Amino acid sequence: MSGPIMVLSQNTKRDSGKKVQLENINAGKTIGDVIRTCLGPRAMLKMLMDPMGGIVMTNDGNAILREITVQHPAAKTMIEIARTQDEEVGDGTTSVIILAAEVLGVSHQFLEEKMHPTVVIQAYRQALEDAAEVLRDTVATPIDMEDKPAVRKVIQSCIGTKFLAKWSDMACDIAMDAVKTVTMENGGKREIDIKRYAKVEKIPGGAIEDSQVLKGVMFNKDVVHPKMKRKIENPRVLLLDCNLEYKKGESQTNIEIMKEEDFSKVLEAEEAYIKKICEEIISFKPDLVITEKGVSDLAQHFFNKAGITAIRRLRKSDNLRVARACGATIVNRTDEISEEDIGTGCGLFEIRKIGDEYFTFMEQCKDPKACTILLRGASKDILNEVERNLQDALNVARNLYQDPFLVPGGGATEMEVAHHLGQKCKALSGVIQWPYKAIASALEVIPRTLAQNCGANTIRTLTALRAKHAQVEEKNVNWGINGETGQLADMSELGIWEPLSVKLQVFKTAVETAILLLRIDDIVSGSKKRGDVGQGPAVDHGAAMDPGMMEGM
């Protein structure tokens, strides 16, 4: 008898079959438990220390998972979906994790009962399609984007679960203003780029109430020369992307000088070059020159004589915002400046000192297509959390502008969809209806968690809510749980709405992740032995060495 045959190398760990699936399910559920208390208006905050010793305090699902380091591959997938949710629609990161964890949790029993994962998956797919259909057809209501109070309510229900809830009116206005500002109509297509053109500037100090959206932009720069004007009304703005210094040779250049006059000639040539570019700029009579590169002392002198204010080394992204705000075009070479490149849309240029830094404000723009959101607050941690909350609010506003449909919040949507799926599964034949029904019960995790987080009696509340949704005649689509009190309430009266795109994305991402993790039946993890890092050929997996090789060594 020969010994057992090793196909995989000795230090490779391999788990397969049921064990893996159960581990994946447990990993998913663990991640869900971390996030579970962060759902709803009564949400708790998590405090996370990163390895550098910095602190993050937040209840934003994505921000929490970003900071946690996990080992298990399935848990990593869960963290990935929170990020997807955040990038795609910007809100609902907490719900997506909880829902995915629950869907994994309900599939546990089917694997115990020796049902094949593909059957479960097929049922899940079917349920997901039906859920999306129910959402679009029966639950969603259109919203008129011109109706300010209605839009505000939607954003408010997004902020209501966050730290910013106390200042929700202000935050809603900020989000609506900012999104309206950066919306570009481009040949019938709406383009809303919050990331690039709605910059959030955080300045510690002051109170949160002092935060605002500027009708224009601001950045953390001061003028280059102390004598330049610090305040200009209706400035003509010129944006440059070139050096106002003498160009050095690209590679090493050698100049041979025979007589000492030649040396002064070289210097004169440099000065003449700078004078030339400055004159090209001055001939257009701008009041404000902003460049992304440097401004030499000589150029400062020329500008100062002409009464022009210059600002140097502005970030490319900031420069783009300035361009959109005041209608200027960024020019790459001074000899190509034309009259239409000069921005005249800005009403006031002023440099103000906030705290101990100088900030340049360009405000009162006529039709700005970019804006800066100025946040004030007590400490850096608070400002970071406020910024995260605002990002969610901005994204909700953006989603509404792009897809103006609403669904009720507070677990009402989930209950309604669960009820419909419960009805539909009766029409299915065979074993498939059990997993299908399981998705319906998994959806109830959202209202259940809401009730748990505010300390209500979960079982009673849920039973009552289920009964509400079961009465089809009364049209109780909008009944959910009031996250403050834990009582049942009509969401349309409380004004708690969410964008349809967020909900659809939550359902899709959660169920598809569960499907993905159920598909896995084998984990092979190859790990190097601790000792032999980077020695010897990679092929040699601990096999005994050939004696013939030993002699040559």
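This one's a predicted model, so the numbers in the text were calculated from it and none came from an experiment. Hydrogens, waters and symmetry mates play no part in the numbers below; they use all other heavy atoms, side chains included.
Across all their heavy atoms, Phe219 and Asp318 have their closest contact at CB-OD2, 3.9 Å. For Ala514 against Val103, the heavy-atom pair with the smallest separation is CB-CG1, 3.4 Å. Here the closest heavy-atom approach between residue Ser107 and residue Val120 is recorded as CB-CG1, 4.4 Å. Between Asn482 and Met491, the shortest heavy-atom contact is N-CE, 4.1 Å. Smallest separation of non-hydrogen atoms from Val182 and Ala370: CG1-CA, 4.2 Å.
Taking CG from Leu517 and CD from Glu23, the interatomic distance works out to 12.5 Å, rounded to the nearest 0.5 Å. Annotation: the span from Leu99 atom CG to Thr513 atom OG1 amounts to 9.5 Å, rounded to 0.5 Å. Interatomic distance, OG1 of Thr509 versus CG of Leu504, reported as 10.0 Å (0.5 Å rounding).
Every pair tested for salt bridge (charged side-chain N to carboxylate O under 4.0 Å, His left out) that includes a residue from residues 511-521 fails, sequence neighbours excluded, so the list is empty. Within the structure, side chain to side chain donor-acceptor pair (under 3.5 Å) pairs that include any residue of residues 417-434 comprise Glu416-His420 (at least two apart or interchain). Pairs of residues two or more places apart, or lying in two chains, that qualify as salt bridge (charged side-chain N to carboxylate O under 4.0 Å, His left out) and include a residue from residues 375-401 are Lys162-Asp392, Lys202-Glu387, Glu385-Arg388.
Residues Thr485 and Cys454 form no side-chain contact, since every pair of their non-hydrogen atoms from C-beta on lies 4.5 Å or further apart. Counting only heavy atoms from C-beta outward, the side chains of Leu406 and Leu500 never approach each other to under 4.5 Å. Using a 4.5 Å heavy-atom cutoff, the side chains of Lys46 and Thr37 are in contact. Counting heavy atoms from C-beta on, the side chains of Trp497 and Pro408 come closer than 4.5 Å. At a threshold of 4.5 Å between non-hydrogen side-chain atoms, the residues Arg324 and Met184 count as touching. Side-chain contact between Pro204 and Leu383 is present, with at least one heavy-atom pair separated by less than 4.5 Å. At least one side-chain heavy atom of Ile174 sits less than 4.5 Å from a side-chain heavy atom of Ser211. Looking at heavy atoms from C-beta onward, Thr77 lies in side-chain contact with Leu516 at the 4.5 angstrom threshold.
With sequence neighbours excluded, the residues forming a side-chain hydrogen bond (donor to acceptor under 3.5 Å, both in side chains) with Glu209 are Trp167, listed by chain and number. Shown here are the salt bridge (Lys or Arg N to Asp or Glu O under 4.0 Å) partners of Lys468, two or more places apart in sequence or in another chain: there are none.
With hydrogens and angles left out, the side-chain atoms of Thr93 and Asp60 include a donor and acceptor closer than 3.5 Å. Ser168 and Gln156 share a donor-acceptor pair across their side chains, judged by distance under 3.5 Å alone.
The environment of Gln71 atom CD is sparse: at most 12 non-hydrogen atoms of other residues, nucleotides or ligands sit within 6.0 angstrom. For CD of Glu146, the number of neighbouring non-hydrogen atoms (other residues, nucleotides, ligands) closer than 6.0 Å is 12 at most.
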Donor-acceptor pairs under 3.5 Å, side chain of residues 125-140 to any protein atom, not counting sequence neighbours: which ones?
{"from": "Asp130", "atom 1": "OD2", "to": "Tyr436", "atom 2": "OH", "distance (Å)": "2.4"}
{"from": "Thr138", "atom 1": "OG1", "to": "Val134", "atom 2": "O", "distance (Å)": "2.7"}

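Looking at His469, its side chain does come within 3.5 Å of a backbone N or O of Trp479 through a donor-acceptor pair. Here the side chain of Asn399 pairs no donor or acceptor atom with the backbone of Pro499 at under 3.5 angstrom. Not a single donor-acceptor pair under 3.5 Å links the side chain of Thr413 to the backbone N or O of Gly409. The closest donor-acceptor contact from the side chain of Asn395 to the backbone of Asp91 lies at 3.5 Å or more, if one exists at all.
With Arg321 as reference, Lys199 is the one residue of Lys199, Met218, Lys316 to meet the side-chain contact (heavy atoms from CB on, under 4.5 Å) rule.
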